[in-house]
Amino acid sequence: MSGEPAPAYTSTAEHPPPAAKPATSEHPPLTSSSSDHHAAQRGLAAAGPSPTAELASLTLNLKAALRQFPDFPSPGILFEDILPIFANPQLHEELLRALELHVAQAYEKPDVIVGLEARGFLFGPSLALRLGAAFVPVRKQGKLPGPCETAGYQKEYGEDFFQMQKDGVRPGQKVLVVDDIIATGGSAAAAGSLVKKLGGTLLGYVFMLELDFLKGRAKLDAPVYTLLSSQEK
Ligand SMILES: O=P(O)(O)OC[C@H]1O[C@H](OP(=O)(O)OP(=O)(O)O)[C@H](O)[C@@H]1O
Ligand SMILES: Nc1ncnc2[nH]cnc12
């Protein structure tokens, strides 16, 4: 890895997204020792608050933006609406920064970010670009052309089938699965099983939000990171 060029890391630093600023005291580079290799790849100086302190302040803003809708899409479900984060460019930027910080601290650099339809598509590709990784979708059955692997699953309010294209992940590639929410964990577990069927090495799972009381992470057999938690019962 160390000898490889890292074009996306460099280009992210040189071409930050519109709401982002270059590395400054407000948007500092990654500085912890565990993320030094990422910081070095990005060509950024070490300065500013620790990634842990920065993450803590970012998550406060993000949590405050969530909205809840009772009895949607069916009676008894308290629906967590993440869309206000994407409607606000500053929060959108803060979300990506928080996820990027966490991945750099906690995981090896992934080759592939696998995002789940549909809300995993809202930030999966942007995160992949920041990390210099490929983005590959998991889609609901019947949406992807060509040879696919299929896995059935149950989620908090229904059941479905997920698919991935057979050439989406090459054997041995390091994969992070990302999605907006983990509830019962059924969707994420199905996605992880597809990655493994394709021969990928599952580094772990990254979610914006976890509904802790449903204990979905117990279904997952790789490290799980959630930025925010909710509906503690
Ligand atoms: O942990 P689980 O109980 O499996 O539930 C979590 C999944 O449910 C939601 O997706 P949904 O299937 O509603 O699809 P959408 O993103 O297309 O709205 C959410 O985006 C997760 O993918
Ligand atoms: N309670 C919930 N809110 C939003 N998305 C979900 N996906 C599964 N459960 C959910």
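In listed order, ligands and their atoms are each counted from 1.
- Residue pairs meeting the side-chain hydrogen bond (donor to acceptor under 3.5 Å, both in side chains) criterion with at least one partner in residues 216-227, sequence neighbours excluded, are Lys196-Asp221, Glu210-Arg217, Glu210-Thr226.
- Within the 4.0 Å heavy-atom shell around ligand 2 one does not find Phe72.
- Checked against Phe207 for a side chain to side chain contact (heavy atoms under 4.5 Å, CB included), the options Leu228, Asp180, Val177, Val224 give a single hit: Val224.
- At a heavy-atom cutoff of 4.0 Å, ligand 1 is surrounded by Glu117, Ala118, Arg119, Lys140, Lys155, Glu156, Tyr157, Asp179, Asp180, Ile181, Ile182, Ala183, Thr184, Gly185, Gly186, Ser187.
- Salt-bridge formation is not detected for the pair Lys140/Glu117: no Lys NZ or Arg NE/NH1/NH2 atom is positioned less than 4.0 Å from an Asp or Glu carboxylate oxygen.
- Checking Thr150 against Gln163 by side-chain atom types alone, a donor-acceptor pair falls below 3.5 Å.
- The two residues Val103 and Pro110 come nearest to each other via the heavy atoms CG1-CD, 4.2 Å.
- The local environment of CZ in Phe69 is crowded, with over 12 non-hydrogen atoms from other residues, nucleotides or ligands closer than 6.0 Å.
- Close contacts between ligand 2 and Leu211 involve ligand atoms 1 (N), 2 (C) [criterion: under 4.0 Å to a heavy atom].
- For atom 3 (N) of ligand 2, the choice among Lys155, Glu80, Arg119, Gln68 with the nearest heavy atom turns out to be Glu80.
- For ligand 2, the atoms lying closer than 4.0 Å to a non-hydrogen atom of Ala183 are 8 (C), 9 (N).
- Annotation: Ile181 places no N or O atom under 3.5 Å from an N or O atom of ligand 2; distance criterion only.
- Atom-to-atom distance recorded for Leu66:CG and Ile82:CD1 is 8.5 Å, nearest 0.5 angstrom.
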Discussion item. The test is salt bridge (Lys or Arg N to Asp or Glu O under 4.0 Å); show your working for Glu80 and Arg67 and say whether it passes.
Written reply: CA-CA 6 Å; Glu80 298 281 351; Arg67 296 186 301 187; over 6 Å; no

